[in-house]
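Values reported hereafter were calculated over all heavy atoms of this structure, with side chains retained and with hydrogens, waters and symmetry mates removed. All chains are named by letter (A, B, ...) in the order of the sequence lines, taking the proteins before the strands, and each is independently numbered beginning at 1.
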Amino acid sequence: MAKLQTPHAVRGTQDMFGEGQERFAHVIDTFDRVRRLYGFKGVEVPVIEPTAVFARSLGETTDVVSKEMYSFDDRGGDSVTLRPEFTAGIARAYLTNGWQQHAPMKLATAGPLFRYERPQKGRYRQFHQLDAEVIGAAEPIADVELLGFADQLLKELGIASGVVLTLNTLGDGDSRDAWRAALIAHYEAHRSALSEDSIDRLGRNPLRILDSKDPRDIAINDTAPGIDDYLSDAARDFFAAVTTGLDAAGIAWTRNSRLVRGLDYYRHTAFEFITNRLGAQGTVIGGGRYDGLIETLGGPATPAVGWAAGIERLAMLIDAPAGDAPDVVLVPLGEAAENRAIALIAALRRAGIAADMGYKGNMKKRLQRADASGARYAVILGEEELARGEAALKDLRDGSQRSVALSALAAAIIAA
RNA sequence: GCGAUCGUAGCUCAGUUGGUUAGAGCGCCGGUUUGUGGUACCGGAGGUCGCGGGUUCAAGACCCGUCGAUCGCCCCA
């Protein structure tokens with residue numbers, strides 16, 4: 001009989017349990033709490049969308065679309081794609097559900113995304129993001145509020161000191177196009193001195209040459225035209241309003257005029273929250289304004305801003321959260337006591353007390369488990385105690401123990 | 001997609017220039033203690049050395065391939 005081979009997990013996916021899962025959950029819990037503080041409504045959208053949703057909105061030449069999407073034909077012959085990002089799918093939902101009536105909409109969601117990439121630390125094929133969007137608002141105050149949300153999230157996660165907000169503007173459509181043309185002219189003039197990668201970028205995504213790490217490119221970037229010289233008055237005013245708003249809100253930021261973003265849809269504000277604690281994967285939250293996106297999906301001109309945060313990356317940066325521990329563990333001795341304990345534990349749980357009880361084991365075993373669970377108390381139910389209508393309430397931290405009437409047990413635990 | 005390093009118990013690792021039945025710590029299970037955990041002591045289970053092929057009298061050690069992880073590039077959260 002041949003041995004059965006256990007299938008392994010798909011490359012770039014992960015199984016989470018224990019501390020890893022607790023970190024992950026804590027990031028989402030914190031996000032969900034802060035999101036309410038800022039008036040962002042929860043939204044749920046499909047993990048799978050028609051391929052066109054992403055292909056059209058992200059830009060055909062971007063890496064995400066050209067080589068990283070999990071796309072396949074379903075049984076009906078339609079091309080569908082596992083979402084590689086949130087924004088395009090949310091924009092699609094906005095249009096197909098007629099959510100224009102709710103504009104401006106402040107939306108938040110979290111969940112898995114899929115990108116066929118080479119896995120590294122903080123980088124997976126199935127990864128998870130927090131996402132926040134403001135759709136249907138052209139005002140710079142929306143940018144400020146959105147950034148404030150991100151900033152407070154990081155603070156409440158306790159990692160703000162290791163992360164900095166870097167900010168830039170890409171200008172409006174006209175500004176961006178003019179700057180882009182000037183950059184192409186500049187790089188074409190120095191084409192022979194560029195790195196191979198950047199010559200390739202010149203054709204696909206010239207803005208990306210700006211943050212190249214290749215020394216040959218860095219020299220040419222020094223003399224490259226800056227966005228500030230191509231900003232229209234409106235674009236300049238917009239950016240100024242965002243930065244003064246950030247200052248007013250007490251949100252620290254630094255300008256990085258070289259910051260560009262990979263996806264084609266960004267306009268005006270672009271930003272990244274960056275840390276140096278994750279190696280090459282330093283971006284922890286990234287986003288910007290995408291006023292042109294909804295039109296590319298066949299909708300009306302609709303201004304919008306948003307960001308996404310890598311849950312795995314945030315989870316690696318935070319301190320280990322306190323794990324789940326019951327308030328109390330019941331330790332029945334004998335069959336009769338176990339039956340009483342079943343009734344008692346139900347009553348404790350209904351009273352809002354986190355109570356647990358092993359399925360089997362002698363007293364020693366049960367106390368060991370109670371201790372390992374991190375519970376504050378053990379309730380020992382033996383014949384002697386039950387005969388008196390009492391139980392022994394044992395404090396597992398200092399070992400002290402006292403008798404409490406069964407009817408007063410819940411109150412005693414809550415009071416402690 | 002490219003380059004590099006690594007893959008030995010659940011975890012962290014040791015394992016001489018290839019040479020008997022592959023080890024340690026932690027963890028897990030049991031016992032010392034048939035009504036008292038955390039400490040201590042004693043004992044036990046658990047590995048076809050990632051997988052496949054090759055070289056050799058002999059491979060955990062060497063070679064090739066493959067899968068996976070990690071680091072960098074690319075890209076991104």
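- Spacing between C2(B) and G47(B) at atom P, rounded to whole Å, works out to 37 Å.
- Residues that satisfy the side chain to side chain donor-acceptor pair (under 3.5 Å) test with E117(A), not counting sequence neighbours, are R123(A).
- By the 4.5 Å heavy-atom criterion applied to side chains, L167(A) and F239(A) are counted as neighbours.
- U21(B) sits 28 Å from C26(B) when the P atoms are compared, rounded to a whole Å.
- Nearest-nucleotide mapping onto RNA chain B: of F273(A) and Q401(A), the residue sitting toward the 5' end is Q401(A).
- The gap from the C1' atom of G60(B) to that of G15(B) amounts to 8 Å, rounded to the nearest Å.
- Between the side chains of Y359(A) and E338(A), no donor N or O sits under 3.5 Å from an acceptor N or O.
- Classified by interplanar angle (parallel below 30°, tilted 30° to 60°, perpendicular above 60°), the ring pair F273(A)/F271(A) is perpendicular.
- In this entry the distance linking CE of M363(A) with P of G37(B) reads 8 Å, nearest Å.
- At least one side-chain nitrogen or oxygen of R261(A) sits closer than 4.0 Å to the OP1 or OP2 atom of A77(B).
- Between the side chain of R123(A) and the base of C74(B), at least one donor-acceptor pair of N or O atoms lies under 3.5 Å.
- For F31(A) and F149(A), the ring centers sit closer than 6.0 Å to each other.
- Taking atom CG on L157(A) and atom P on A77(B), their separation rounds to 18 Å, with Å as the unit.
- In this structure, NZ of K67(A) is placed 11 Å from C1' of C73(B), rounded to the nearest angstrom.
- In terms of position on RNA chain B, the residue among T13(A) and Q120(A) whose nearest nucleotide sits closer to the 5' end is T13(A).
- Side-chain atoms of T109(A) and D131(A) form no donor-acceptor pair, as typed in the model, at a separation below 3.5 Å.
- Using C1' as the reference atom, C13(B) and U8(B) are 9 Å apart when rounded to the nearest Å.
- Using a 4.0 Å heavy-atom criterion, one finds that G12(A) contacts the sugar-phosphate atoms exclusively.
- Using a 4.0 Å heavy-atom criterion, one finds that L314(A) contacts no nucleic acid atom at all.
- At C73(B), one or more side-chain N or O atoms of K213(A) fall inside 4.0 Å of OP1 or OP2 (strictly under the cut-off).
- In this entry the distance linking CD1 of I274(A) with C1' of C75(B) reads 14 Å, nearest Å.
- A distance of about 11 Å separates the C1' atoms of G27(B) and U12(B), rounded to the whole Å.
- When the side-chain nitrogen and oxygen atoms of K364(A) are compared with OP1 and OP2 of G30(B), none of them lie within a distance under 4.0 Å.
- Here K394(A) lies in heavy-atom contact (under 4.0 Å) with a base.
- With no hydrogens or angles considered, a side-chain donor-acceptor pair links T96(A) and R92(A) at under 3.5 Å.
- Spacing between G3(B) and C74(B) at atom P, rounded to whole Å, works out to 16 Å.
- In this structure, N276(A) places its CG atom 17 Å from C1' of A77(B), rounding to the nearest Å.
- Distance Q368(A) CD to U33(B) C1': 11 Å, rounded to the nearest Å.
- Atom P of nucleotide C75(B) and atom CD of E85(A) are separated by 17 Å, given to the nearest angstrom.
- Look at the P atom in both U16(B) and G23(B): the space between them is 14 Å, to the nearest Å.
- Remark: the separation of the P atoms in C51(B) and A22(B) is 16 Å, to the nearest Å.
- Look at R11(A) and you'll find a side-chain N or O under 4.0 angstrom from OP1 or OP2 of G68(B).
- R208(A) comes within 4.0 angstrom of the backbone, heavy atoms only, and of no base.
- Put simply, the side chain of E68(A) and the base of G1(B) share no donor and acceptor less than 3.5 Å apart.
- Between D197(A) atom CG and D217(A) atom CG the span is 8.0 Å, to the nearest 0.5 Å.
- Regarding E335(A), its CD atom lies at a distance of 17 Å from the C1' atom of U34(B), rounded to whole Å.
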| RNA chain B base-pair string [pairs: Watson-Crick or G-U under 3.5 Å; |: paired with another strand] | (((((((..((((.....[...)))).(((((.......))))).....(((((..]....))))))))))))....

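- With hydrogens and angles ignored, no donor-acceptor pair under 3.5 angstrom links the side chain of D371(A) to the base of G38(B).
- Candidate nucleotides U33(B), A77(B), A4(B) were compared by shortest atom distance to the side chain of R118(A), and A4(B) ranks first.
- Considering all non-hydrogen atoms of both residues, V329(A) and P326(A) come closest at CG2-CG, 4.0 Å.
- Here R369(A) reaches the OP1 or OP2 of C29(B): one of its side-chain N or O atoms lies under 4.0 Å away.
- With no hydrogens or angles considered, a side-chain donor-acceptor pair links N168(A) and R255(A) at under 3.5 Å.
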